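As structure tokens, the structure follows; a few thoughts come after it.
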Amino acid sequence: MSVLDILMNYYPAFLSGLWVTMQLSLIIWGSGIVVGGGLGILGARYRIYIGLPSRTVSFLLSGVPILVFLFWLHYPAQAMFDVVIDPFYTGAFTLSVINIFSVADIVRGALVDFPQQYLTAAKVTGLTREQTIFKIQIPLILREILPPLLLLQVMMLHTTLFTSLISVEEIFRAAQRINAQIYRPVEIYTALGVFFLAVCLPVNGFALWLKGRYTRDLSER
Amino acid sequence: MLTTRGLGKSFGGKTVLRDVNVDIAPGTITCVIGPSGTGKTTLLRALSLLDLPDSGVISLDGQDYSFPLQQGAAITPAPWPKLTAVFQSLFLWPHLTLRENILLPARNIDAAKAEKDIEGLIAFFEMQGFIDSYPNQASIGQRQRVAMARALILNPRYLLLDEITSALDVEQTVKILTKLGHLKERNIGVFLITHQIGFARKSADQIVFMDGGTVAERGGPDILDAPKTARLQQFLSAVHEVY
Ligand SMILES: Nc1ncnc2c1ncn2[C@@H]1O[C@H](COP(=O)(O)OP(=O)(O)OP(=O)(O)O)[C@@H](O)[C@H]1O
Ligand SMILES: [Mg+2]
């Protein structure tokens, strides 16, 4: 049985796994970018009241392995509060929290370290507030944060595989199930690897390209 | 008239400006000279109303700005770009080409005129060869010319310049300094920090000698030949030893 045959025969299972993975990723990416971006902006503006707590949380999170955090929210936390939550939501929530605080870190850092002299130049040449934000600040900040942000989102896609361990029926678990039926680990995991390469490599490549291009633009001789 | 009265500023307990009074009339060139670290740049940045002084009054054509400002207050009305400056480290925007650096603020005043004026400036400062590159691809002297053009195209009433010829060769320096001469005819007031004593002697209407955060001596260009204070005399004789 070739990779193609497996895909032909088991594509409904693959597709439903893929669909769950996509849903997870969209929730994690969306909440990370929107909530994390907002948290980062607020953290840069209110450094003590928002920036400091959010930095502390992300520092603590960086010390806990993702898998431990995920399992802890799945078993002990739910036992403690005597609730049972669909593992899909537990997974989406856990990974979203991690993404939100990581994105906030990147955004806040770029805002706080923004070189003030470019704003000075904008002021003294009479640019309006809107021009300063849209023509100077946002382009410069995007150049700074886009590459690490893209790399982080690819990493978050990878971490969705961990949710298979709290039995979320995402693509890795789908692959495991099929493998349990037909025992073709080489073909199945190769197909899975190729799938992730096809999705992630272009994004990673784009991030590296952006980084190379804009770092050159910005560095002063 | 751009004037300061009793300007003072300190950085963490260290007084950098002490009771500075200067008057810059439209259509005149004021040259600021003095040893390194005596507060020339600090004075220029205060005059530009960007790094605000701790005390004193800056008055711009009858509009007074008193310091310290009230808590949370902003500089209103905004004096820029009628009052503009070119700083020692230029501050060109790195993500825009040199041409865009000049045009972005200039279009606010008159977009059609900006497109026309820039051609004249490109020719005058001989910027044809590099105007479409990015700041990091240009030499310091090239960047100084661009920063100068970015300020000039705005048609300011008062132009503050901090050692803008430090990286230019003799020919380019002469060019810029000649350009400053033309600004007089357009009734622009120029405030220039410079180490070019020769230029100051020839073109300045007023010399301000800063020492230790105060104006130690001021007057016409004649004070460069007949200084009244021992400190200026000492400074000039050191300059003469080098040039
Ligand atoms: N942001 C700052 N924080 C602390 N001290 C400062 C700051 N800016 C300037 N100073 C101090 O103020 C003094 C005057 O600095 P300033 O840059 O005005 O000198 P300057 O006359 O322009 O010198 P130069 O000819 O070398 O450019 C210096 O002693 C400097 O160390
Ligand atoms: Mg200086």
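In this text, all values refer to a predicted model and were calculated from it rather than measured experimentally. Just so we're on the same page: letters track the sequence lines, and every chain starts at 1.
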Closest non-hydrogen atom pair, [X] against [Y]:
| X | Y | answer |
| --- | --- | --- |
| B/Leu96 | A/Ile136 | CD1-CD1, 4.4 Å |
| A/Tyr118 | B/Leu92 | CE2-O, 3.3 Å |
| B/His95 | A/Lys135 | NE2-O, 2.8 Å |
| B/Pro105 | A/Leu127 | CA-CD2, 3.6 Å |
| B/Pro81 | A/Gly126 | CD-CA, 3.9 Å |
| A/Thr120 | B/Leu50 | CG2-CD1, 3.6 Å |

Could you check whether atom [atom1] of [X] has more than 12 heavy atoms from other residues, nucleotides or ligands sitting under 6.0 Å from it?
| X | atom1 | value |
| --- | --- | --- |
| A/Leu60 | CG | yes |
| A/Phe93 | CZ | no |
| A/Arg55 | CZ | no |
| B/Gln63 | CD | yes |
| B/Glu171 | CD | no |
| A/Tyr49 | OH | no |

Max heavy-atom pair count under 4.5 Å with chain A, selected residue of B/Leu49, B/Thr84, B/Leu160: B/Thr84

Heavy-atom distance under 4.5 Å to chain A: side chain of B/Ala85, backbone, both or neither? both

Say you draw a straight line from OG1 of A/Thr125 to CD1 of B/Ile109; how long is it, rounded to the nearest 0.5 Å? 9.0 Å

For B/Phe91 and A/Val124: C-alpha separation, side-chain torsions, deciding distance, then whether side-chain contact (heavy atoms from CB on, under 4.5 Å) applies. CA-CA 11 Å; B/Phe91 305 160; A/Val124 86; over 6 Å; no

